[in-house]
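Please read the structure below before turning to the comments.
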Amino acid sequence: MVNQNAEQIARDNIDEMLRAAGWAVQDKGKLNFSEGIGQAIREYQTDVGPADYVLFVDKRAVGVIEAKREEAGEKITTVETQTEGYANAKLKWVNNSEPLPFLYESTGVITRFTDGRDPKPRSREVFNFHRPETLLEWVEQGNSLRARLQDIPPLNPSNLPAKELGLRDCQEVAITNLEDSLKKNRPRALIQMATGAGKTYTAITSMYRILKHAKGKRILFLVDTKNLGEQAEHEMLNFTPSDDTRKFTELHVVQRLKSKYVPKDAEVCISTIQRMYSILKDEELDEALEEQNPAEQLTKPKEPVPVAYNPKVPIEHFDFIFIDECHRSIYNLWQQVLDYFDGFLIGLTATPDNRTFGFFKQNVVSDYDHEKAVADGVNVGNEVFTIQTKITKEGEKLRAKQQVEHRERVTRKKRWEQQDEDEAYTAKQLDKDIVNPSQIRTVLTTFRDSLPQIFPNREEVPKTLIFAKTDSHADDIIQMVREVFDEGNDFCKKITYRVKKDKTDSEGNVVEKGEDPKSVLSQFRMGYNPRIAVTVDMIATGTDVKPLECLVFMRDVKSRNYFEQMKGRGTRTLDLDELKKVTPSATTAKTHYVIVDAIGVTKSLKTASQPLITKPSVPLKDLAMGIMMGASDTDSVSSLAGRLARLNKQLDSQEHKRIEALTDGVPITQIVKGLFDAIDGDKVEERARIIAGQHGDMDPGEENRSKAQAEMVSQVANVFNGELIELIDTIRREKDQKIDHENLDEVLVADWEKASEEQAKELAVEFGEFLEANKDEITALEIFYDQPHRRREITYSMIKEVLEKLKSDKPKLAPLNVWQAYEQLDDVKSSKPIGELTALVALIRRVVGIDDKISNFDETVSKNFQRWVMKRHSGSNPKFTNEQMDWLRMIRDHFTASFHFEIDDLDSTPFDGEGGLGMMYELFGDEMNNIIDELNSELVA
């Protein structure tokens with residue numbers, strides 16, 4: 001009975017999907033060809049038995065559907081033989097001499113489709129069934145799209161130089177490899193091409209050839225911002241193929257979508273992914289959402305509803321989808337748009353990450369990075385000029401009894417107060433908690449005075465873009481630039497995504513004129529002024545300023561991809577005539593750009609992972625309101641948790657009490673922990689299994705994971721209310737910046753970045769000498785050098801002692817600095833320490849010879865743990881249970897930060913939350929102490 005019910009549920013879902021796609025679903029005894037253009041006949045008789053569904057179009061049998069219950073989804077491809085049997089069978093009442101071409105297997109949840117006319121028929125998953133009109137059109141065409149792709153002729157059969165085809169070498173390679181990929185029916189392909197190498201031109205050339213030679217019907221060019229769509233449209237309007245005198249837009253109908261309507265006669269549609277999502281949902285789109293890329297959009301009040309089938313835009317509407325800046329547009333909500341269409345996906349990006357490679361199934365048809373582009377003269381390279389000041393490097397101190405200026409961040413309202421006590425501040429606090437005008441002025445003055453050295457024989461300041469930390473920091477920089485260079489407002493402007501609206505008084509009179517960012521950007525790109533622009537986050541593609549010759553970093557960046565995109569603003573080439581239009585004293589074409597590193601950005605460790613606060617431009621109030629109203633996406637939750645954690649460090653006891661009065665005593669630290677727990681992969685997985693009613697290692701599925709995360713976020717969000725959010729926002733706004741007028745900054749370095757291998761060797765030698773000199777005084781070093789059998793005894797406090805001694809005696813030997821030196825010397829590119837202490841342990845292991853190369857300590861622990869478990873499992877001991885393994889993994893993770901494990905640690909987080917000592921003894925019994933001893937020995941080996 002259960003199986004029959006499951007079968008019927010699947011049939012009901014399939015019926016609904018068919019009807020949505022325009023099919024008339026009929027029983028075999030009630031066949032009626034006058035009902036619509038296509039009929040799906042249930043239990044149609046063949047000479048091998050009844051087929052679940054046979055599809056008729058215009059009274060012609062064209063396809064078959066094999067229906068299975070939902071549980072068969074995991075082995076749906078095993079059904080293909082059954083489907084082929086019905087497709088090859090003789091149909092009752094039909095004189096079918098050839099196999100039916102269109103084959104489907106469906107559970108009502110998963111549907112796979114095979115076109116029997118393809119050169120090598122291969123099934124693929126589809127969102128829904130194709131419309132009957134489509135199958136009729138395909139039948140009348142005779143051959144399939146994948147068959148026609150084989151007809152695309154070689155791009156360059158005579159092996160002419162690429163420039164004779166109007167292409168660069170890299171473009172020729174990309175197009176040739178893409179067409180080879182399409183001919184092999186590979187559903188996804190990635191074109192990686194450096195900024196300025198002509199990704200869009202490459203894509204249009206490919207579109208032209210697909211439409212001409214393979215008779216492709218429709219192509220979608222997806223972007224994630226409106227300005228990128230406008231640029232693509234402009235390039236298509238100006239594109240003339242090498243084998244025709246007519247423009248691309250004269251040969252093919254090109255339409256940039258601006259409403260819910262998708263014209264059927266358009267062969268190429270340009271759309272933002274936000275608009276296409278709203279079209280599929282049959283909703284109107286707020287055009288403001290197209291101004292920013294999706295990663296920077298404000299939190300939505302609740303989790304968006306998944307895309308459903310839209311008969312106005314069927315799955316087969318587009319044969320090919322080109323995705324511009326695909327590294328930003330292929331995840332989460334927006335992936336639904338890509339999953340909806342039954343078409344080839346071609347990604348375009350200059351800066352892919354591992355997720356991008358994974359999404360496109362590692363099918364990289366073009367690997368043309370910045371280095372290759374510079375070598376070919378497509379891009380210009382960079383030089384690094386370092387400006388290091390004393391306060392930038394070391395921080396300073398506000399002294400007791402001096403008068404200190406306080407300034408509100410937002411209103412800029414000022415007051416003076418006497419400093420109660422000495423207060424040291426670090427370089428990291430600059431421009432956030434502490435503003436030192438001398439530090440900003442010293443950097444900018446040094447930049448000004450170094451310009452004759454950086455750009456000799458220039459009469460004007462080269463076009464320069466300064467990256468600031470915050471809006472407040474940017475405003476300080478703008479004012480100081482104008483002062484230092486003795487110039488007016490037009491000389492230095494801020495560039496942002498958002499339109500600055502007119503400010504009016506109570507009577508509606510304009511008191512401050514607004515400014516359109518496009519206007520400022522256009523002036524910066526084409527006009528003499530502004531010479532210098534300042535920005536916080538505006539680094540996206542589509543903001544190209546070819547005359548840009550200088551990037552000044554006054555903010556650090558930890559994301560490798562983000563940093564590459566920021567650098568990409570300066571890579572564009574420009575000939576002398578065009579450069580002279582905005583920089584009259586230039587004597588050559590643009591040959592390079594200069595990174596002025598005033599913060600150490602070129603030396604700081606970079607990670608490919610996303611920062612904790614992934615929505616830096618979304619106000620904290622909007623994030624909190626979004627979570628309260630039901631949003632549960634990881635980016636919003638992570639960003640809110642990060643902001644609250646940052647704010648928590650600034651709160652005094654009275655502010656904590658004010659907040660807790662509105663949370664029923666829940667401290668802000670508990671809220672932050674709850675938010676982090678709600679996006680913790682392991683905890684979400686555990687909750688998802690409970691929802692699914694599963695145990696052990698069974699996969700609960702993405703739907704249950706989403707439910708679990710939403711529930712966990714909702715539980716934390718219950719503490720939020722409008723009054724609390726207003727209070728938190730008020731406190732945040734009230735936080736002062738202190739203005740240090742007392743301490744004047746001085747330049748330590750203002751020079752070109754030297755080749756650092758020799759410096760790295762010197763740093764490594766000096767670090768080794770420090771360890772050797774202190775090995776008899778510091779217990780941890782004594783153990784590492786002379787008593788390796790005692791490494792199990794090394795504790796957090798012992799390593800901390802080494803770090804404190806290092807900081808006090810040799811601050812320049814900071815672990816992360818030495819790590820970078822060894823990273824270069826050992827030619828290790830991927831390992832990244834997770835913090836100072838773990839970096840220090842890895843360095844000590846490297847110096848004393850435990851490791852041949854620098855190796856991340858958490859990686860060492862993980863490898864040792866894996867080896868230990870395998871050794872235990874391969875012996876006579878019984879294998880650990882899943883519950884035991886969960887505990888062992890918690891202990892393993894404890895080692896990566898604490899270096900040692902003791903029984904007393906079971907009374908602290910996270911062990912106390914899982915039952916502590918009692919639960920571990922219950923799981924391991926008398927073996928518990930022995931296992932702890934083994935782990936202390938094995939994991940730090």
Side-chain angles (χ1 to χ4, degrees), residues 21 101-102 104 111-152 175 178-191 202-223 232 236 248 251-257 262-271 273 276 279-280 309-324 326 337-348 360-361 363 365:
F102 307 123
Y104 296 88
T111 301
R112 294 190 70 84
F113 168 69
T114 304
D115 189 336
R117 305 167 306 150
D118 288 345
K120 295 179 180 179
R122 184 189 309 158
S123 70
R124 61 184 184 265
E125 187 172 337
V126 290
F127 189 85
N128 198 61
F129 298 101
H130 303 95
R131 294 185 65 80
E133 298 91 336
T134 303
L135 297 192
L136 177 60
E137 182 181 349
W138 287 355
V139 167
E140 291 174 345
Q141 285 174 342
N143 58 354
S144 70
L145 172 64
R146 283 154 183 78
R148 297 196 300 275
L149 286 170
Q150 311 306 313
D151 298 333
I152 298 180
I175 295 165
L178 174 60
E179 290 175 356
D180 182 59
S181 174
L182 295 174
K183 289 176 181 180
K184 292 177 179 176
N185 193 16
R186 303 190 71 173
R188 299 180 183 184
L190 178 64
I191 294 176
T202 300
I204 299 170
T205 304
S206 295
M207 292 178 195
Y208 168 74
R209 287 173 55 78
I210 286 168
L211 292 170
K212 178 177 180 178
H213 300 296
K215 307 303 181 204
K217 189 173 182 181
R218 296 190 194 91
I219 298 173
L220 174 62
F221 190 87
L222 270 181
V223 295
M236 290 183 198
F248 182 68
L251 295 164
H252 301 288
V253 180
V254 176
Q255 181 79 49
R256 184 164 63 86
L257 303 185
V262 181
K264 292 183 179 180
D265 62 337
E267 294 165 280
V268 177
C269 289
I270 304 168
S271 174
I273 198 162
M276 186 52 63
I279 287 171
L280 294 179
Y309 182 78
N310 185 341
K312 297 177 184 176
V313 190
I315 63 168
E316 64 270 24
H317 194 84
F318 296 108
D319 296 321
F320 302 86
I321 301 177
F322 287 78
I323 311 149
D324 198 19
C326 61
V337 174
L338 306 179
D339 290 341
Y340 179 86
F341 291 106
D342 178 28
F344 289 93
L345 302 180
I346 299 104
L348 309 169
F360 288 98
K361 304 179 185 294
N363 183 25
V365 297

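The distance from atom CD of Gln150 to atom CG of Leu145, rounded to the nearest 0.5 Å, is 10.0 Å. Atoms CZ and CG, on Phe221 and Leu348 in that order, are 5.5 Å from each other to the nearest 0.5 Å. Leu149 contributes atom CG, which lies 12.5 Å from atom NZ of Lys215 (distance to the nearest 0.5 angstrom). Atom OG of Ser206 is separated from atom CG of Leu182 by 8.0 Å, given to the nearest 0.5 angstrom. Expressed to the nearest 0.5 Å, how far CZ of Arg209 lies from CD of Glu179 amounts to 4.0 Å. How far CZ of Phe129 is from OG1 of Thr111: 4.5 Å, rounded to the nearest 0.5 Å.
Within the 4.5 Å cutoff, no side-chain heavy atoms of Ile210 are placed close to those of Asp319. Side-chain contact between Lys361 and Pro187 is present, with heavy atoms from C-beta onward closer than 4.5 Å. Inter-residue side-chain proximity for Arg112 and Glu125 is flagged as met; some heavy-atom pair is nearer than 4.5 Å. When side chains are defined from C-beta on, Cys326 counts as touching Phe360, because their heavy atoms get closer than 4.5 Å. Side-chain contact between Lys264 and Arg218 is present, with heavy atoms from C-beta onward closer than 4.5 Å.
Listed here is the closest heavy atom pair of Ala203 and Phe322: CB-CD2, 3.8 Å. Residues Tyr340 and Phe127 approach most closely at O-CB, 3.4 Å, considering heavy atoms. Looking at every heavy atom in both residues, His317 comes nearest to Val262 through NE2-CG1, 3.5 Å. Residue Leu257 comes nearest to Cys269 through the heavy atom pair CD2-SG, 4.1 Å, listed as atom of the first residue, atom of the second, then distance. In terms of heavy-atom proximity, Val139 sits nearest to Arg117 at N-NH1, 4.3 Å. Residues Ser181 and Val365 approach most closely at CB-CG1, 3.9 Å, considering heavy atoms.
Evaluation of the side chain to side chain contact (heavy atoms under 4.5 Å, CB included) rule for Asp342 yields Arg124, Val126, His130, Ile315 as partners, not counting sequence neighbours. Under the ring-ring contact (aromatic ring centres under 6.0 Å, His included) criterion, His252 pairs with Phe248, sequence neighbours left out.
Using modelled atom types, no side-chain atom of Arg186 and backbone atom of Asn363 make a donor-acceptor pair closer than 3.5 Å. Listed for the Asp118 side chain is no donor-acceptor partner under 3.5 Å among the backbone atoms of Ser144. Arg188 contributes no side-chain N or O that, together with a main-chain N or O of Gly347, makes up a donor-acceptor pair within less than 3.5 Å. Listed for the Lys312 side chain is no donor-acceptor partner under 3.5 Å among the backbone atoms of Ile279. Within the 3.5 Å criterion, the main-chain N or O of Arg148 finds no donor-acceptor partner in the side chain of Asn143.
Using bins of under 30°, 30° to 60° and over 60° for the plane-to-plane angle, the ring pair Phe318/Phe341 lands in the perpendicular bin.
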Item to complete: In sequence, state the C-alpha distance, the side-chain angles, and the governing distance for Asn185 and Phe344, and then conclude on side-chain contact (heavy atoms from CB on, under 4.5 Å).
Response: CA-CA 9 Å; Asn185 193 16; Phe344 289 93; 3.7 Å; yes
Practice prompt. For side-chain contact (heavy atoms from CB on, under 4.5 Å), just list the numbers for Met236 and Ile204, CA-CA rounded to whole Å, side-chain angles, deciding distance to a tenth of an Å, and then say yes or no.
Written response: CA-CA 7 Å; Met236 290 183 198; Ile204 299 170; 3.6 Å; yes
Item to complete: Using the side-chain contact (heavy atoms from CB on, under 4.5 Å) rule, take Leu338 and Leu222 through it: C-alpha gap first, then chi angles, then the decisive distance, then the call.
Response: CA-CA 10 Å; Leu338 306 179; Leu222 270 181; 3.6 Å; yes
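Among residues at least two apart or in separate chains, salt bridge (charged side-chain N to carboxylate O under 4.0 Å, His left out) pairs with a member in residues 134-147 are Glu137-Lys217.
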